[in-house]
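Inspection log for the structure reproduced underneath, given as structure tokens.
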Amino acid sequence: MRLAKRIGLIKPSATLAVTAEVARLRAQGTQVIDFGAGEPDFDTPQRIKDAAVRALAAGATKYTPVAGTKQIREAVVAKLKRLNGLDYAPEETVATCGGKHALFGAFQALFEEGDEVVLPAPFWVSYADMLVLAGAKPVIVHGSPEAGFKITPEQLRRAITPRTRGVVLNSPSNPTGAAYDAPSLAALGKVLVESPDVFVIVDDVYEVLYFEGATPPHLLATYPELRPRTLIVNSVSKTYAMTGWRLGYAAGPVEVIKAITTLQGQSTSNPAAVSQAAAAEALAGPQDEIAPMVEEFRWRRDYVVDRFGRIPGVKCVRPEGAFYAFPDVSGLFGRAWRGAPLGNANRVCEFLLAEARVALVAGDDFAAPNHIRISYATSRDNLRNGFDAIEKAVGALG
Ligand code: PMP
Ligand code: GLU
């Protein structure tokens, strides 16, 4: 079979692959604790499901406008005002099939062969592949564990060349949970203000999952002058436990929104009508579910950091947000398993799946091969049992 060359440029999503492997093992009857899946373990709040049922009864079963219904676009506008203090018009927004497809559309609309896009690392696996599909070259800038996985303004400045067309910022971050505080975000923003040819993509999907007090002001609230060359990408997936509804959105300059909409009109047509109605309720309705969810994630973050801290050979930076931690496991690479040193993060994950029945994602595709990612979007019981099993398995290594 001859497939198009572009397929050879990308690989399956490492995060979705682990989720699939867990499902495969469970279908065989093998019990596995899933620390791999990047999705909340909470259920979608009832008020949102009820809104979806009402919408179906009212006929939300047809195509909608390509960029989304009036209702969802107005809900996005209201959310950007309420949470971020930003003013957008409905025409400056588009509803998409998940935040993922907003990013896909944005990269296709903005970048082409020869363009460089600065990608702070460790980064979510899909950015790099989606950029390559658009023909762009990801320029990877590593935030070191010592710097809490954050890049410095100097690093950003150095990475920007005359070929740089974009930068992707994701705070709190997948996979590290690192989040810029107000001064460090402002320092990056200043570099961006001074780089007028760089388009800024801000991926806010984890914005409410911040554990260090008041959420820092949005980049665009601090630097409104960046607005004409910034696209905000967000989603209801993480904030409202709605991963399966596939509803994301973007807000930005009308030209970019129109370009994403044209692409959408020639690909997905529109996100599911019922999901748009549910997401409108999610964004515009009462927000009471969020605070208890954030509290629970904060507790789990503390627990995870504490448990990793007690495992020799593992070093874990304390994340400030999201629901991931990203420990360095290179201290285990020299330990022997099945007659050979573990050697790399993939094999550490293989070992933990085989011996502790715990699924994690290796750091390679996040551009951090000494690390593994744990998603703690799972119950306290699962965390306790999973860490007990990890501790026991590591203790038994040669
Ligand atoms: N951005 C980041 C950083 C993510 O981790 C995810 C997770 N899937 C997404 C975007 C997209 O999420 P979704 O498509 O479910 O909205
Ligand atoms: N973003 C989540 C993760 O990193 C969901 C899977 C995906 O889309 O990558 O696990």
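Remember, it's 1-based here, ligands and their atoms both numbered in the order they're listed. Positions are given from 1, in the same order as the sequence printed here.
Of all atoms in ligand 1, numbered sequentially from 1 with element shown, those under 4.0 Å from a heavy atom of Gly98 are 14 (O), 16 (O). Close approach of ligand 1 to Asn174 is summarised as follows: ligand atoms under 4.0 Å from at least one heavy atom of the residue are 3 (C), 4 (C), 5 (O). Distances below 4.0 Å separate heavy atoms of Asn170 from the following atoms of ligand 1: 3 (C). Every atom of ligand 1 is numbered from 1 in the order shown, and the set under 4.0 Å from a heavy atom of Ser235 is 13 (P), 16 (O).
Ligand 1 has a nitrogen or oxygen under 3.5 angstrom from a nitrogen or oxygen of Gly99.
Within the 4.0 Å heavy-atom cutoff, Thr243 does not count among the residues contacting ligand 1.
Contacts with ligand 1 closer than 4.0 Å are made by side-chain heavy atoms of Arg246 only, the backbone lying farther away. Of the heavy atoms in Tyr127, only side-chain atoms (C-beta onward) come closer than 4.0 Å to ligand 1. Contacts between His101 and ligand 1, counted as non-hydrogen atom pairs separated by less than 4.0 Å, are absent for every part of the residue.
Between the side chains of Asn234 and Glu207, at least one donor N or O lies within less than 3.5 Å of an accepting N or O. A side-chain donor-acceptor contact under 3.5 Å links Glu355 and Trp337. Between the side chains of Thr161 and Glu116, at least one donor-acceptor pair of N or O atoms lies under 3.5 Å.
Using a 30° and 60° split on the angle between ring planes, Phe42 and Phe297 fall in the perpendicular class, above 60°.
Salt bridge present: Glu212 and Arg301 bring a charged side-chain N and a carboxylate O closer than 4.0 Å. Salt-bridge annotation for Asp197 and Arg229: absent, with no side-chain N of the basic residue lying under 4.0 Å from a carboxylate O of the acidic one.
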Ignoring hydrogens and angles, write down the donor-acceptor pairs under 3.5 Å from the side chains of residues 93-110, residues two or more places apart or on other chains.
from  : atom 1 : to     : atom 2 : distance (Å)
Thr93 : OG1    : Pro90  : O      : 2.7
Thr96 : OG1    : Gly98  : O      : 2.9
Thr96 : OG1    : Gly248 : O      : 3.3

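Of the listed options Ser237, Pro172, Ala37, Ser173, Ser237 places a heavy atom closest to atom 13 (P) of ligand 1. The option with the heavy atom closest to atom 7 (C) of ligand 1, from among Lys238, Glu39, Lys100, is Lys238.
Trp124 CH2, 3.5 Å is the protein heavy atom nearest to atom 9 (C) of ligand 1. The shortest contact between atom 1 (N) of ligand 1 and any protein heavy atom is with Asp203 OD2, 2.6 Å.
In this structure, Lys315 NZ and Phe326 CZ are separated by 14.0 Å, a value rounded to the nearest 0.5 Å. Here the straight-line distance linking atom OG of Ser235 with atom CE of Met242 works out to 8.5 Å at 0.5 Å rounding.
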Inset, instruction - Before giving the answer on side-chain hydrogen bond (donor to acceptor under 3.5 Å, both in side chains), spell out for Thr15 and Ser13 the whole-Å C-alpha distance, their side-chain angles and the decisive distance to 0.1 Å. - result: CA-CA 5 Å; Thr15 48; Ser13 156; 2.8 Å; yes
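Between Phe308 and Phe387, a ring centre-to-centre spacing shorter than 6.0 Å is recorded.
In this structure, ligand 2 sits under 4.0 Å from heavy atoms belonging to Ser13, Thr15, Leu16, Gly38, Lys100, Trp124, Asn174, Lys238, Tyr324, Arg373.
Heavy-atom neighbours of Gln28 CD from other residues, nucleotides or ligands within 6.0 Å: above the threshold of 12.
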